[in-house]
Amino acid sequence: MNWDSIKKIAQDVSSGKVTAEELVRRSFSIIDETKDYNAILSISKHRALERAKDIDNRIKNGEKIGSLAGVPFIAKDNFLTFDTPTTASSHMLENFYAPYQATAVERLEAEGAIMVAKSNLDSFAHGSSTENSAFGPTLNPIDKTKVPGGSSGGSAASVALKIAPFALGTDTGGSIRLPASFCGVVGFKPTYGLVSRYGVVAMASSTDVIGPITSTVEDAALVLDVMSGKDQFDGTTIDRDTKTYDGKPMSLKGAKIGVVKEYLSSGIDKEVKKVILDNVEKMKAQGAEIIEVSIPSISLSLACYYVLVPAEVSSNLSRYDGQRYGLSDATAKNLDESFEKSRAAGFEAENKRRIMIGTYVLSSGYYDAYYKKAQIVRTKLINEFEKVFKKVDFLVGPTAPMTAFAIGQNVHDQLQMYLADIMTVSANLVGIPSISIPAGMANNMPVGLQLMAPQKADRALLQIAATIEEDN
Ligand code: GLN
């Protein structure tokens, strides 16, 4: 059964038509029915029900709750939350209970939303398929033999499985948009800094963002509206738009939409390309001006990303030293041995690969050849996007060059796995908002259409995405 829109659910809870408790129990029973997908790692049995009952009581007493009254949601298991462990899908944090909650979760709760469960991800969000989870892969809701994408695969699968109306994801190089595209749902990556990263397990701090995964663009906008804005605990946060983010469709007449040439050249699945071009035709029919644009450095973006991100990963993961919190090997005889044994046991192979690559590209002698060069490419990419956004309002292309691949297909071929991110990493390196919306089917699997806009144009991006969604 489909969930109503988030707006309608909150209205129904607020008017007493349905209770928050009923909704939370509905999420719990779907979690139970869909266990074999392995989308969920832990359930907030106690706290979610307590909060639901409290909300229902307050409504009975005539209190106003908020714009998300009683709306259940799922948080990726790298958000710090009360009541459940926060594992980042790693043995390193397997038994870690956070002493405080992520700002995003706090803000959603303040408006009445209820976190019911935590979802599976690639360990520490390193991956594109959820196969790097220490707790087994999530299966794709449309075809169980396929991956759901990653790293927020559990969150995207949860929304596709209708466990809750929305889920939270993190996107460092595509981890919201790629699984949204593979599972046939909406995934929104806001402008860098628009949503606080406080209380979220850090991957690469210069590209990490938090965003919603939903069934509709309007729902994504409502969730963003609640989460966004400055946070004193995250110095990179920026002021939000003073108007609400409502995701209301806008006319495409006169909108200048750039089709990125590099995203439609070789390497893209033919069927995926056709779905995207059909969508572009529809935009044209609705009055959009379609302009072909070129961003030459896109061809370097994946290489650039896989130097800079491991560098930041190696630094961010150094805090897991077996001493302060997380896994600590009890057999170690001295401090060095404790570091070694705890890190060897706690991290997955992909985490270790990134720590090694990151340490290498930052080491003296190789810094100039790799890290510095990648930073120069990043600046070049930023400049090229800026130049293109002088000509067009939005950019369009596929979210990924392929549809969901088979479980196990790419686990031994890292390059192939990394190639799934080739169309998403640029938005992270440049810091611009980007959204993936369902665009049609290819190879019997969903295809995601990716739209991008200049920094801080999140509102317009959501509006144009809502228009295209309506036409599909
Ligand atoms: N798949 C990309 C990676 O492995 C993106 C991960 C993410 O956005 N968290 O780095």
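Along the sequence shown, the residues carry numbers beginning at 1. Order of appearance sets the numbers: ligands from 1, and atoms from 1 within every ligand.
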Review point. Is it the side chain, the backbone, both or neither of D421 that has a heavy atom closer than 4.0 Å to ligand 1?
Key: side chain
Check your understanding: Under 6.0 Å from the six-membered ring centre of F28 and within 45° of its axis: does the NZ or CZ of K45 meet both?
Key -> yes
Review point. Taking distance alone, with no angle check, do T172 and ligand 1 share an N/O pair under 3.5 Å?
Key: yes
Check your understanding: For ligand 1, does S151 get within less than 4.0 Å through its side chain, its backbone, both, or neither, judged by non-hydrogen atoms?
Key -> side chain
Practice item. Using distance alone, decide if ligand 1 has a nitrogen or oxygen within less than 3.5 Å of any nitrogen or oxygen in G173. Key: yes
Point to revise | Geometric N/O contact H126 with ligand 1, under 3.5 angstrom | key: no
Point to revise | Step-by-step side-chain contact (heavy atoms from CB on, under 4.5 Å) determination, L317 to R354 | key: CA-CA 10 Å; L317 292 188; R354 295 194 188 206; over 6 Å; no
Review point. Heavy atom under 4.0 Å from ligand 1: found in Y306's side chain, backbone, both, or neither?
Key: side chain
Point to revise | Any N/O pair T170/ligand 1 closer than 3.5 Å | key: no
Check your understanding: Out of curiosity, F233 CZ to S196 OG, how far, rounded to the nearest 0.5 Å?
Key -> 9.0 Å
**Study point:** Shortest protein heavy-atom distance from atom 4 (O) of ligand 1, along with the residue and atom involved
**Key:** R354 NH2, 2.8 Å
Revision key, fill the gap. Nearest non-hydrogen protein atom to atom 6 (C) of ligand 1, with distance, is S175 OG, 2.9 Å
Revision key, fill the gap. Near Y305 (heavy-atom distance under 4.0 Å), the atoms of ligand 1 are 2 (C), 3 (C), 5 (C), 6 (C), 10 (O)
Practice item. Check each atom of ligand 1 against the heavy atoms of D171 and keep those under 4.0 Å away; list them by number with element. Key: 8 (O)
Check your understanding: Is there side-chain contact between L121 and S152, with at least one heavy-atom pair below 4.5 Å?
Key -> no
Practice item. Check if K76 has a non-hydrogen atom at a distance under 4.0 Å from any atom of ligand 1. Key: no
Review point. Once the angle between the rings of F135 and H91 is folded into 0 to 90°, is it parallel (under 30°), tilted (30 to 60°) or perpendicular (over 60°)?
Key: perpendicular
Exercise for review: Please determine if A125 has a nitrogen or oxygen closer than 3.5 Å to a nitrogen or oxygen of ligand 1.
Suggested key: yes
Review point. Should the ring pair F73 and F166 be called parallel, tilted or perpendicular, given that the plane angle runs from 0 to 90° and is split at 30 and 60?
Key: parallel
Exercise for review: Heavy-atom contacts with G174 under 4.0 Å: which atoms of ligand 1 show up? List them by number with element.
Suggested key: 8 (O)
Review point. So is Y418 in contact with ligand 1, going by heavy-atom distances below 4.0 Å?
Key: no
Point to revise | Test side-chain hydrogen bond (donor to acceptor under 3.5 Å, both in side chains) applied to T138 and D122, N120, T130, the passing residue | key: N120
Exercise for review: State yes or no: are the ring centers of Y100 and Y198 separated by less than 6.0 Å?
Suggested key: yes
Review point. Purely on distance, is any nitrogen or oxygen of G127 under 3.5 Å from one on ligand 1?
Key: yes
Study note, to complete from the structure: Exactly one of Q101, K118, E109 clears side-chain hydrogen bond (donor to acceptor under 3.5 Å, both in side chains) with T81, and that residue is K118
Review point. Between L224 and L194, does a side-chain contact (heavy atoms from CB on, under 4.5 Å) hold up when you go through it step by step?
Key: CA-CA 9 Å; L224 177 76; L194 189 55; 4.2 Å; yes
